[in-house]
Amino acid sequence: MTQKPETALGAALKTAVQTLSKKKQTEMIADHLYSKYAVFKQFRPLAIGIHEVLIAELSQFDSTLVTRVLTNHCKKPRYLKSLAKGGKRYDLKGRETAILSEEEKVEAQQRYDALAEKPAAKPVEQAAPAPAAEAPSAE
């Protein structure tokens, strides 16, 4: 895979994006992926090595953040459920690239089940109020 030479506009965009917080950049990447690629919106099983394609496509972003967004997507219950069903893997254009193996389906089902077993996050407990000091009795 060859990389395209960076244009002046591309360099300016990259500089502007990198001034944003990592959280904001991560949100931008996720928004872009879900709006541009149907395979993300539909939670279809993704092709092996798709992270390399995404990093090249989204060169204005830090590759670590692109990988983080992809990792977060692949940990979502809906994605794991899609993998567990089996079938084919897809590239960014929605073309079939491979068939999921039985081992991949079993692993996805185990990861999905493990997520379902995790207890819901507990609300933050407030500190118990200190016992009121007893007022001296007036005898």
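Note that the structure is a prediction, hence the values are computed from the model and not measured. Heads up: numbering here begins at 1 and tracks the sequence.
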Please walk me through it: do Leu92 and Leu54 pass side chain to side chain contact (heavy atoms under 4.5 Å, CB included)? CA-CA 9 Å; Leu92 292 177; Leu54 284 172; 3.8 Å; yes
Minimum heavy-atom distance between [X] and [Y], given as atom pair plus value:
X      : Y      : value
Ala84  : Gln109 : CB-OE1, 3.3 Å
Ala108 : Leu83  : CB-CB, 3.5 Å
Ala47  : Thr97  : CB-OG1, 3.4 Å

Report yes if the side chains of [X] and [Y] come closer than 4.5 Å at any heavy-atom pair, otherwise no.
X      : Y      : value
Tyr90  : Glu96  : yes
Lys36  : Glu57  : yes
Glu104 : Glu107 : no
Val53  : Asp91  : no

So, using ring pair (Phe, Tyr, Trp, His ring centres under 6.0 Å) as the criterion, who are the partners of Phe61 when residues are at least two apart? none
Sequence neighbours excluded, which residues qualify as ring pair (Phe, Tyr, Trp, His ring centres under 6.0 Å) partners of Phe43? His73
Using a cut-off of 6.0 Å, state whether more than 12 heavy atoms not belonging to Lys22 lie near its atom NZ. no
Could you measure the distance from the [atom1] atom of [X] to the [atom2] atom of [Y]? Nearest 0.5 Å is fine.
X      : Y      : atom1 : atom2 : result
Thr67  : Asn72  : OG1   : CG    : 11.0 Å
Leu115 : Gln110 : CG    : CD    : 12.5 Å
Leu58  : Leu33  : CG    : CG    : 6.0 Å
Ile55  : Asp62  : CD1   : CG    : 9.0 Å
Thr26  : Lys24  : OG1   : NZ    : 11.0 Å

Should Tyr34 and Leu70 be counted in the same cluster of Ile, Leu, Val, Met, Phe, Trp and Tyr side chains packed under 4.5 Å apart? yes
Can Leu100 be reached from Val106 by stepping across I, L, V, M, F, W or Y side chains whose heavy atoms are under 4.5 Å apart? no
Does [Y] offer a backbone N or O that forms a donor-acceptor pair with the side chain of [X] under 3.5 Å?
X     : Y     : answer
Tyr79 : Leu46 : yes
Ser82 : Arg78 : no
Arg89 : Ile99 : no

Results of side chain to side chain donor-acceptor pair (under 3.5 Å) for Gln25 - residues two or more places apart only: none
